[in-house]
Every structure is written in C-alpha cells, then in structure tokens.
Enquirer: 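Following this message is one structure expressed as structure tokens.
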Amino acid sequence: MNAAAHPPLRTSVVVGSRTQSFPVGNYDLAATLTSGQAFRWNLTQEGWTGVIRRHWVRLRSEPSAINAEVAEPISNWDWLTGYLRLDEDLETILRSFPNDEPMQRAVAACRGLRLLRQDPWECLASFILSSTKQIIQIRQIVAQVCQCFGDELRSGDAGAPAYSFPTAARLAERSEAELRACKMGFRAPNLLATARKIAEGEVNLEQLHNLPTAEARAQLDSLPGVGRKIADCVLLFAYGKQSAFPVDVWVMKALQQLYFPRRKVKVERVHRFAATHFGPNAGYAQQYLFHYMRTKLSPKSKA
DNA sequence: GCCCAGGTGAAGC
DNA sequence: GCTTCACATGGG
C-alpha cells in the first residue's frame, strides 16, 4: 500500500451518521438518567439531551432500542455504548442480588434501572458539589460550572448551546471567588483544591482503573471534600467497581426502614452489612434501593 | 420561618 | 474513641 496511490478521501467519503439505533432490552432510560448518578440530562419533547465527553447527544427510548442523535456525523459510538453500559447483562446482575423481600420489591419497582459508566473527573467533581444538596440543585450548579468554565460544543439544538464539563486543569487556574459565583458555597474550596491536585498529577484518575477497589478508594479519599461516600460514588459510577456501596441519607433511610426497622443503625454497621449481604454487585443493588426509596417510599414521591 | 438536602472535616467531649 | 457543629444555598 502506497499513500500516493490513495489520496485523502476526507472530503468525499461518508464518515458516519448523525443517528444510530442501539437494540436494548429492559433498559429504563428515564429512570437511569434521573436516578442521581449523572446531573446533566434534560428531557424535552425531542428526548433526553445531554453531553458525554465532548459530544452533544440526544437519546430517545423505544421499547427495544435506544436511538441516539449527535450534532455531526461520526462512525465510532463507543463513547456512548460505554457510557450506557449497553454490553452489560442486567439479568445476571439482578440474579446476584439477595432473594429477600425488600430487595425484590426494589427490583420490581425499578425495572430496567441501570448504572452508567461516567468520566471519572466529571463524576468526582459533580459529587464534590453534591454534599448536602438536593439533586435538582446539584444539576443547577453543575450546569453553571459547565457554562462558565467549559467549552461550547457543537449542539444539535439551535436553541440550546452545549458545553463540555471543564477539565481539572481548567478549573485549577480559577479562583475560589470565581467558583463561588456558581452558587456552590462552601464546596468551592474543596473543588478547587481537588482540581489542583488532579491537575498537578498528585492523584492520577486514569490509574485508578487498574487499582483494587480499596486502594482506589484511599486515593480518592485523600482529596479535599471527598470522604467515604463520595469516593464510593465515583468508584461505582465512573470506575464500575460494583462492590462500592455509597451510603447517603437516602440509602441510610432505606436500610434502616427495610432491614433494621427495630433498632437505629450507624453508617459503619450499614457498610459491614452491605459488604456481606448484597453480593458482588452490591453497588448496583444500592442504586435500586436508592431509587426505590426516593421515588416509591418517600412522602414526596406521592405528589 | 423551618427543616432538609446523594457530606466532609475539624473541634469538642 | 464518639458526637456535634460549621459550612452556603435553595426547595418544599
């Protein structure tokens, strides 16, 4: 093969498509995108609009497929199939859950709920912003951070510009006051300090993929504003460490009510229980309990 | 007005 | 060791 015999075809070749359909079974896209893992999805008449890495994307759910649309033609959709974990066999995971009544009720109530596989930095930064905030407020703060410090991306929606999530390096060069302007309050110094540590290579987020869960957790835990809960969220939602079991106020409520109705439990007890009771996909089970508690058992959910 | 929100970290017993 | 408190901001 000789390069001269094959001049560049860039201008004449169709390099891809703006739309793609992915066959899926038992995938509740709406529940998945609103279950407090990711904070950048918006529902419009056209479907779910969001940004994955540097792709604006719109998703529409059909009974046995998810249809995707991007802003410009592409041929490689791995970034999307990876994010949605389309290669994962949900039935196998559900079968690994304990066969007790609370768990089975949660599974029945949240059919098709999935975990996503997110970018580690975006996930980490978003959850630093999440502490003692309602999900709706986290979404607002994250949106502002992207609009203020991210890059504007090619959007498929003329009326709504799209922004990338700003890199750690980008945030690292800002001041605390600039971050506070995004209404993140006392979380600003934490996000800034963590961004600087990541930008300077003190913690290498890519390397955590290769570490055992406990070691990856210890590295995340060393970052300002990151404790056990946020570390577990990142391990589960970005690194796919399925044994990570984030315990927040909702999961505490769920476990208290469903598994320890007679006595008051502490977080440490819940972690020990989770490590033995929920099996190898405990984190997945946690997401079912979290979503079940928030949408079906909470007083507000009746509205 | 009041309580709470996908917590963390430091200070006080 | 364990418990309490401050930290910004806004929703219900």
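Since we're looking at a predicted model, the values are computed, not measured. Chain identifiers are assigned alphabetically (A, B, ...) following the order of the sequence lines, protein sequences preceding nucleic acid strands; residue numbering begins at 1 within each chain.
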Enquirer: Could you please name the option among dA8(C), dG6(B), dT9(C) that lies closest to any side-chain atom of Thr132(A)?
Expert: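 For the Thr132(A) side chain, the nearest candidate turns out to be dA8(C).
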Enquirer: Nearest of dA5(B), dT9(C), dA8(C) to any side-chain atom of Lys133(A)?
Expert: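 The listed nucleotide nearest to Lys133(A)'s side chain is dT9(C).
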Enquirer: Rounded off to whole Å, could you give me the CG-to-C1' distance for the Asp232(A) and dG6(B) pair?
Expert: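 The answer, rounded to whole Å, is 12 Å.
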Enquirer: Quick check: on DNA chain B, is the nucleotide nearest Val226(A) upstream (toward 5') of the one nearest Gly36(A), or the reverse? Name the residue that is more 5'.
Expert: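 This one resolves to Gly36(A).
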Enquirer: Between P on dT8(B) and NZ on Lys229(A), what's the gap in Å once rounded to a whole number?
Expert: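 So the two atoms are 7 Å apart, to the nearest Å.
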Enquirer: Check the geometry between Trp250(A) and dG6(B) and answer yes if their rings are stacked (centres below 5.5 Å, planes below 30°), otherwise no.
Expert: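 Ring-base stacking flag not set for Trp250(A) and dG6(B).
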Enquirer: For a quick check, tell me whether the side chain of Gln140(A) and the base of dG11(C) share a donor-acceptor pair closer than 3.5 Å.
Expert: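 No, no donor-acceptor pair under 3.5 Å.
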Enquirer: In whole angstrom, what separates Phe290(A)'s CZ from dG6(B)'s P?
Expert: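 It works out to 6 Å between those atoms.
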Enquirer: Could you check whether the side chain of Gln137(A) and the base of dG6(B) have a donor-acceptor pair of N or O atoms closer than 3.5 Å, going by distance alone?
Expert: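 For Gln137(A), whose side chain was compared with the base of dG6(B), there is no donor-acceptor pair (under 3.5 Å).
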Enquirer: On DNA chain B, does the nearest nucleotide to Ile230(A) precede the nearest nucleotide to Arg187(A) from the 5' side, or the other way round? Give the residue.
Expert: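 Whichever sits nearer the 5' end wins; that is Arg187(A).
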Enquirer: Between atom CD of Gln242(A) and atom OG of Ser96(A), what is the distance when rounded to the nearest 0.5 Å?
Expert: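 Gln242(A) CD to Ser96(A) OG: 8.5 Å, rounded to 0.5 Å.
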Enquirer: Would you say Gln20(A) and Asn67(A) are linked by a side-chain donor-acceptor pair, where the criterion is simply a distance under 3.5 Å?
Expert: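 On atom types as modelled, these side chains do not qualify, holding no pair under 3.5 Å.
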Enquirer: Please measure how far the P atom in dC4(B) lies from the corresponding atom in dC5(C), and state the result in whole Å.
Expert: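 Their P atoms lie roughly 14 Å apart.
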Enquirer: Assess, by modelled atom type and distance only, whether the side chains of Ser222(A) and Gln219(A) contain a donor and an acceptor separated by less than 3.5 Å.
Expert: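 Ser222(A) vs Gln219(A): no donor-acceptor pair found between side chains.
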Enquirer: Give the rounded distance in Å between these two atoms: CG of Leu179(A) and P of dC7(C).
Expert: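 One finds 19 Å between P of dC7(C) and CG of Leu179(A), rounded.
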Enquirer: With rounding to whole Å, what would you report as the distance between dG1(B) and dA8(C) at their P atoms?
Expert: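 Comparing P positions in dG1(B) and dA8(C) gives a spacing of 22 Å.
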Enquirer: What integer number of Å spans the C1' atoms of dT3(C) and dG6(B)?
Expert: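 After rounding to an integer number of Å, I get 23 Å for this pair.
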Enquirer: Salt-bridge test for Arg180(A) and Glu176(A): reply yes if a basic N is under 4.0 Å from a carboxylate O, no otherwise.
Expert: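 Answer for the salt bridge query: yes.
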Enquirer: If you check the Lys266(A) side chain, which of dA8(C), dG6(B), dT3(C) turns out closest?
Expert: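 So the side chain of Lys266(A) is nearest to dT3(C).
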Enquirer: Provide, to the nearest angstrom, the distance between the CD1 atom belonging to Ile128(A) and the P atom belonging to dT9(C).
Expert: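 Going from Ile128(A) (CD1) to dT9(C) (P), I get 18 Å.
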Enquirer: Could you tell me whether Glu122(A) and Arg53(A) make a salt bridge, using a distance below 4.0 angstrom between a side-chain N and a carboxylate O?
Expert: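 So Glu122(A) does not pair with Arg53(A) through a salt bridge.
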Enquirer: Compare the minimum distances between each of dG6(B), dC7(C), dT9(C) and the side chain of Phe186(A), then state the nucleotide with the smallest one.
Expert: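 Out of dG6(B), dC7(C), dT9(C), the nucleotide with an atom closest to Phe186(A)'s side chain is dC7(C).
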Enquirer: To the nearest angstrom, how far is Asp221(A) atom CG from dG9(B) atom C1'?
Expert: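 So the CG-C1' distance, Asp221(A) to dG9(B), works out to 11 Å.
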